[in-house]
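Residue numbers run from 1 in the order of the sequence given. Since we're looking at a predicted model, the values are computed, not measured.
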Amino acid sequence: RKKFRLADVILSVICVVFVAEAAAPVASIGNSQYFWWLFMMVAFLLPYGMISSELGTTYPGDGGLYDWIHKAFPETKWGARASWYYWINFPLWMASLAVVCPELLGVLTGLRFGWGARLLIELAFIWIVTWIACYPVCDSILILNISAAIKMLLALTVGVLGIVYVVKNGFVNDMAFRTFLPGFDLHSLSYISVIIFNFLGFEVVCTYADNMRDPKRQIPQAIVTGGIVIALIYLFSAFGIGAAIPTQEISEDSGLIDAVALMTGRTSGWFVGAVALLFLITLFGNMISWSMGVNSTAALAADHNDMPRVFAKRWAKNDMPVGAAVTSGVVASCVCVLGVLIEMASPDSSLFWSFFALNLVMLLLSYVQLTTLAADTVSLRSELSALQAENVTLTAQHEQMFDMATVKEVAAAAGMGKPTSSQITYLDLASEDSATVFQTESDSPSLLSRLLSSLHHGVYAVVEYFD
């Protein structure tokens with residue numbers, strides 16, 4: 001069975017966490033996006049990464065977020081709530097990305113698809129992802145690695161195009177200092193949740209622990225390294241989009257493709273088509289990487305009767321949670337059918353943003369208990385470290401105190417020899433409140449021995465009385 005190397009784990013972190021399709025909408029709030037990106041990196045990405053690393057190495061396994069919450073709060077329903085929110089976000093997100101696929105294929109082929117063709121494309125995307133999710137994540141290492149590499153390439157491409165555009169034409173947006181100050185209006189604040197969403201997913205990689213060579217070392221190293229890379233490429237791509245594209249022209253549905261088209265001055269051609277194809281591949285990588293973690297989490301919750309039993313159904317061939325995978329595919333398909341009906345009734349509706357916003361809310365709700373859980377885990381690990389240190393000290397003292405070789409040496413030095421039978425006393429401690437003393441007697445005790453024994457018992461009785 002294949003095992004993740006450290007490089008594979010780092011690329012998996014990038015594949016899971018970096019969301020290329022969600023970077024462009026944030027640019028629509030203008031230059032204040034840079035403040036919010038930096039602020040959320042310090043206030044959210046850093047502590048969230050540390051929390052995931054702490055929990056992932058303390059409780060390794062494929063249960064992820066649900067497993068952590070269930071172990072911390074076993075007598076509550078917090079684990080059940082988290083697993084439901086965590087799972088339902090996935091089919092909603094898969095449906096939102098499926099809605100983008102016909103548009104990307106339209107850029108590639110130059111065709112315009114009708115309602116029926118659009119729905120077939122969306123369903124094909126959903127069920128390809130569902131089919132791949134029925135196999136172990138280690139079988140998809142190549143897909144995750146390629147997807148991560150493509151995501152970084154796209155981010156770098158957007159950033160470089162932005163720099164080239166600025167060098168040739170200057171900044172298209174107002175770059176005055178006041179424009180970089182954060183806005184606290186409802187429009188700006190609503191996109192903070194998108195930034196937070198763009199940083200989520202570290203716990204998904206923790207569910208791959210059984211497929212790693214050394215999860216206790218690889219998980220922290222991958223989260224730190226991947227987190228730094230993700231922060232840098234987000235900032236670089238955000239700069240490219242914000243520097244070269246007027247804020248009001250950024251699309252919520254396919255911002256990355258629109259960004260490339262506006263920067264190059266072309267809406268078609270081999271370059272734009274290549275970007276659309278690569279972007280489409282990253283959508284598959286995103287869904288495949290998340291499906292592995294979400295399905296395993298839902299299956300464990302079902303094993304504990306916190307979700308319907310259908311989620312616990314596993315494929316006998318490889319023990320993968322096919323029940324959760326197929327259920328996600330069915331729900332996502334229903335959402336896409338509903339989306340087609342909505343578009344037929346209201347052609348101007350923004351389905352991607354509607355589905356994406358709903359999935360974002362559900363995902364954020366599943367993280368409510370993580371902060372409390374992380375604090376409890378850190379406290380318990382500190383107590384465990386203190387107890388382990390105390391155990392080492394006490395063990396050393398015990399070994400030193402009861403080292404028979406040392407005891408014999410000290411006894412020999414004091415002139416003590418092997419005790420005679422008359423010096424041996426046996427105690428019966430069977431009773432709770434009393435002890436019976438037995439003494440070995442010789443076959444024919446002498447008169448002197450009997451007198452000394454009587455004197456000994458008499459003195460013992462007096463001492464016992466006045467004690």
Side-chain angles (χ1 to χ4, degrees), residues 19-25 28 88-133 143 147 150 154 194 245 248-288 290-291 325-360 362:
V19 185
E21 72 273 14
S28 64
I88 195 61
N89 108 87
F90 179 71
L92 291 173
W93 188 16
M94 185 155 55
S96 71
L97 299 190
V99 169
V100 178
C101 291
E103 184 175 347
L104 294 175
L105 290 177
V107 173
L108 277 169
T109 62
L111 301 175
R112 293 181 62 85
F113 300 103
W115 301 119
R118 290 175 64 88
L119 181 59
L120 288 176
I121 293 171
E122 293 167 8
L123 293 178
F125 173 80
I126 290 170
W127 289 100
I128 290 173
V129 171
T130 301
W131 172 65
I132 296 176
I143 297 175
S147 179
I150 291 175
L154 289 176
V194 180
I245 303 175
Q248 65 275 14
E249 294 184 16
I250 298 176
S251 167
E252 294 173 346
D253 289 316
S254 56
L256 183 65
I257 301 301
D258 288 349
V260 172
L262 289 170
M263 290 177 188
T264 59
R266 299 178 181 180
T267 57
S268 60
W270 70 268
F271 184 76
V272 176
V275 171
L277 177 61
L278 294 176
F279 185 42
L280 180 61
I281 294 173
T282 66
L283 301 188
F284 280 99
N286 247 19
M287 289 296 93
I288 292 169
W290 271 83
S291 67
V326 172
T327 305
S328 296
V330 170
V331 173
S333 300
C334 293
V335 172
C336 284
V337 171
L338 178 61
V340 169
L341 297 177
I342 293 173
E343 278 198 324
M344 292 175 67
S346 177
D348 295 331
S349 60
S350 180
L351 286 182
F352 169 77
W353 187 247
S354 299
F355 294 158
F356 182 77
L358 183 58
N359 116 258
L360 191 153
M362 293 295 103

Interatomic distance, [X] atom [atom1] to [Y] atom [atom2] [nearest 0.5 angstrom]:
{"X": "Met94", "Y": "Asn286", "atom1": "CE", "atom2": "CG", "result": "12.0 Å"}
{"X": "Leu280", "Y": "Leu104", "atom1": "CG", "atom2": "CG", "result": "5.5 Å"}
{"X": "Leu120", "Y": "Cys101", "atom1": "CG", "atom2": "SG", "result": "13.0 Å"}
{"X": "Leu97", "Y": "Leu92", "atom1": "CG", "atom2": "CG", "result": "11.0 Å"}
{"X": "Leu283", "Y": "Leu278", "atom1": "CG", "atom2": "CG", "result": "11.0 Å"}
{"X": "Ile121", "Y": "Cys336", "atom1": "CD1", "atom2": "SG", "result": "11.5 Å"}

Here the side chain to side chain donor-acceptor pair (under 3.5 Å) pairs for residues 115-127, sequence neighbours left out, are Trp127-Ser333
List the steps and the verdict of side chain to side chain contact (heavy atoms under 4.5 Å, CB included) for Phe113 and Glu103. CA-CA 9 Å; Phe113 300 103; Glu103 184 175 347; over 6 Å; no
Backbone of Ile143 reached by a side-chain donor or acceptor of Ser147 within 3.5 Å: no
Under the ring pair (Phe, Tyr, Trp, His ring centres under 6.0 Å) test, which residues partner Phe125, sequence neighbours left out? Phe284
Got a sec, which residues hit side-chain hydrogen bond (donor to acceptor under 3.5 Å, both in side chains) with Ser328, two or more places apart in sequence or on another chain? Trp87
Going through the distances and angles, do Val331 and Phe90 end up as a side chain to side chain contact (heavy atoms under 4.5 Å, CB included)? CA-CA 10 Å; Val331 173; Phe90 179 71; over 6 Å; no
Sequence neighbours left out, what passes side-chain contact (heavy atoms from CB on, under 4.5 Å) with Leu108? Give chain and number order. Leu105, Ala276, Leu277
Here the pair of heavy atoms bringing Ala95 nearest to Val335 is CB-CG1, 3.6 Å
After noting the C-alpha distance and the side-chain angles of Val107 and Phe279, does the key distance pass the side chain to side chain contact (heavy atoms under 4.5 Å, CB included) rule? CA-CA 11 Å; Val107 173; Phe279 185 42; over 6 Å; no
Scan for salt bridge (Lys or Arg N to Asp or Glu O under 4.0 Å) pairs involving residues 275-286, sequence neighbours excluded, and state none if there are none. none
